[in-house]
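Remember, predicted model here, so these are calculated numbers, not experimental data. In this chain, residues are counted from 1 in sequence order.
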Amino acid sequence: MATVITPDPRRWWALTALVASMLTLGFDMTILNVALPTMAGDLGASTGEQQWMADAYVVVFAALMLPAGLLGDRFGRRLMLVTGLGIFLAGSVMGALAPDVTWVVAARAVMGVGGALVMPLALSVLPSLFGPDERSKAIGVMSAASALGMPLGPILGGWLLDHFWWGSVFLVNVPMVGIGVAACLFLLPETRDPASPQVDVIATSLTAAGLGALVYAIIEAPTRGWGAPLVAGFLAGAVVLLTGLALRERRAARPMLDTELLRHRGFLVNALTATLVTFVLAGLLFLLPPYLQAVLGHDALGTGLRLLPMMAGLMISARGAQPVVARFGPRAVVSCGLVTLAFAAFLGSRTTADSGYGFTALWLTVTGLGFGFAVVPAMDGALATLPSDRAGSGSGLLMTLRQVGSAIGIALLGSLLASAYRDRLDVTGLPGRAADTAGESVVAAHLVAERTGTPGLAASANSAYVHGMGVVLLVCGVTALVAALSAAAFLPGTRPAEGGESGVPAVAGSEGDARQ
């Protein structure tokens with residue numbers, strides 16, 4: 001029988017430090033999406049380059065999530081949290097000063113390194129601070145913090161873009177990171193698990209190279225073709241690299257990828273559910289700002305404000321998910337949340353170039369509600385299965401899967417959007433170079449229409465973009481329905497027993513944690 005340790009009296013103050021860290025990441029998650037159309041115009045970025053500006057962060061984030069969790073377990077979670085925030089700050093300054101798209105992509109990659117340290121370690125500290133009776137409330141607070149950062153990002157980002165240059169959306173991270181670092185240093189106790197596995201540099205390299213090759217192939221496919229030698233070569237390389245990673249991890253005595261956790265049905269199904277939901281959300285956040293700015297004609301601040309219905313729905317459902325789960329069980333709540341998300345996507349696919357914002361606000365609100373009711377119980381259910389001595393590696397695996405979903409969502413759905421847009425765009429009568437430029441993005445098409453005095457091109461671009469958005473939303477709806485059926489069939493109907501399915505109590509002060 002497990003010994004129950006007295007909870008750390010500083011645990012709720014410590015949660016403040018974690019909230020500040022999550023706010024920083026949540027804030028940055030959406031601020032760039034609003035800036036992309038402006039950056040596309042100023043830097044001449046195509047849709048593919050915009051995808052890389054978004055995906056450089058997520059690919060690095062996903063590749064380094066697992067070793068980041070292990071570094072925190074071994075060397076101290078607070079130390080690695082502060083280090084991650086510092087790296088994130090360096091990437092933000094680099095992005096603000098970037099002269100071209102290549103430098104922006106590089107800056108986003110550096111920020112991904114910092115984010116990879118912050119996200120899993122902020123989550124892995126929770127089982128060390130809170131017992132099962134308080135952990136759900138703490139996760140709810142963390143989810144609300146992340147959700148709060150998401151609507152603040154577009155609004156402040158839009159205001160900055162209306163008054164300053166696009167680099168200001170990176171500089172705004174500086175005070176946020178400063179608050180996060182101070183809160184971690186003064187409020188968060190140090191915890192570690194010295195017995196955790198060492199970081200496997202080869203496995204980490206295989207992960208980064210494999211994911212990078214996969215994302216590159218998906219992004220380049222619409223312009224080069226899926227059968228192009230370069231695309232096929234990168235796809236084959238991704239398969240070889242990721243297969244090599246799986247084989248290496250199977251032979252490792254203490255693998256970085258803790259596949260033992262995947263044998264627990266509750267962890268596996270909840271993690272895959274959260275991954276599919278993140279896939280859908282990442283795609284939506286990529287395609288909405290160009291629609292609101294280029295098609296509907298709103299400025300950057302107006303775009304941020306018009307994303308609020310989705311963020312409001314998300315915050316309401318994130319806050320209300322735990323009481324609903326307590327009453328009806330996680331399987332019912334997650335399944336209903338996914339069905340709601342699917343309904344919102346199918347509704348959104350009916351949008352036309354003349355629909356106006358009112359209809360968009362309706363399906364965005366429903367989208368936010370569905371997302372919150374699906375992802376919060378799924379994350380809670382997955383974390384509840386983790387023993388405290390594997391909190392870093394387990395939460396790292398969970399967040400890695402979500403970030404892989406996000407990266408593939410941006411790459412795959414963005415490529416689908418670009419392909420559908422280019423096929424529907426009418427460039428009759430335009431010179432070859434102008435036609436190619438107009439086909440790069442709806443923002444580029446509007447610039448070409450303005451310079452060449454062809455208003456019909458702008459109307460065609462709007463219609464083509466909304467058509468592509470509808471195709472993407474249909475795919476999102478089908479994905480959410482598949483996830484809903486899987487959740488209904490395989491998720492446990494009740495919460496895991498105390499300590500999770502692993503049978504190891506997840507209470508503060510377990511043997512894996514040595515406080516300083």
Notebook entry, point to check: When rounded to the nearest 0.5 angstrom, what distance separates CG in L287 from SG in C476?
Noted result: 7.0 Å
Notebook entry, point to check: Does the side chain to side chain contact (heavy atoms under 4.5 Å, CB included) test come out yes or no for V277 and V280, once each step is laid out?
Noted result: CA-CA 5 Å; V277 173; V280 171; 5.8 Å; no
Margin query: Counting neighbours of CG on L97 that are heavy atoms of other residues, nucleotides or ligands and sit closer than 6.0 Å, is the number greater than 12?
Written below: yes
Item checked: Closest contact, heavy atoms only, A483 versus L276 -> CB-CD1, 3.6 Å
Margin query: With rounding to the nearest 0.5 angstrom, report the CG to CG distance, L307 to L284.
Written below: 10.5 Å
Checklist line | Pairing residues for T360 by the side-chain hydrogen bond (donor to acceptor under 3.5 Å, both in side chains) criterion, not counting sequence neighbours | finding: Y291
Next item on the list: Please round to the nearest 0.5 Å and tell me the distance separating atom CG of L288 and atom CG of L296.
Entry: 10.0 Å
Check: Are any side-chain N or O atoms of R108 and backbone N or O atoms of V104, one a donor and one an acceptor, separated by less than 3.5 Å?
Finding: no
Only pairs under 3.5 Å count here: list side-chain donor-acceptor contacts from residues 361-377, not counting sequence neighbours, and write none if there are none.
unit_1, atom_1, unit_2, atom_2, d
W363, NE1, T351, OG1, 3.2
T365, OG1, A361, O, 2.8
T367, OG1, W363, O, 2.7

Check: Between L89 and L85, is any pair of side-chain heavy atoms under 4.5 Å apart?
Finding: no
Margin query: Counting C-beta onward and ignoring hydrogens, is there a side-chain heavy-atom pair between F88 and V110 closer than 4.5 Å?
Written below: no
Note to self: I need the minimum non-hydrogen distance between L160 and S168, along with the two atoms involved.
What the structure shows: CB-OG, 3.4 Å
Next item on the list: Please report the shortest heavy-atom distance between A109 and V60, naming the atom on each side.
Entry: O-CG1, 3.5 Å
Notebook entry, point to check: Taking the side chain from N462 and the backbone from Y465, do they hold a donor-acceptor pair closer than 3.5 Å?
Noted result: no
Margin query: Measuring from atom CD1 of I87 to atom CE of M111, what distance do you get when rounded to the nearest 0.5 angstrom?
Written below: 12.5 Å
Checklist line | Nearest-0.5 Å distance, OH of residue Y357 to NE2 of residue H298 | finding: 8.0 Å
Checklist line | Check: T83 and L117 side chains under 4.5 Å, non-hydrogen atoms | finding: yes
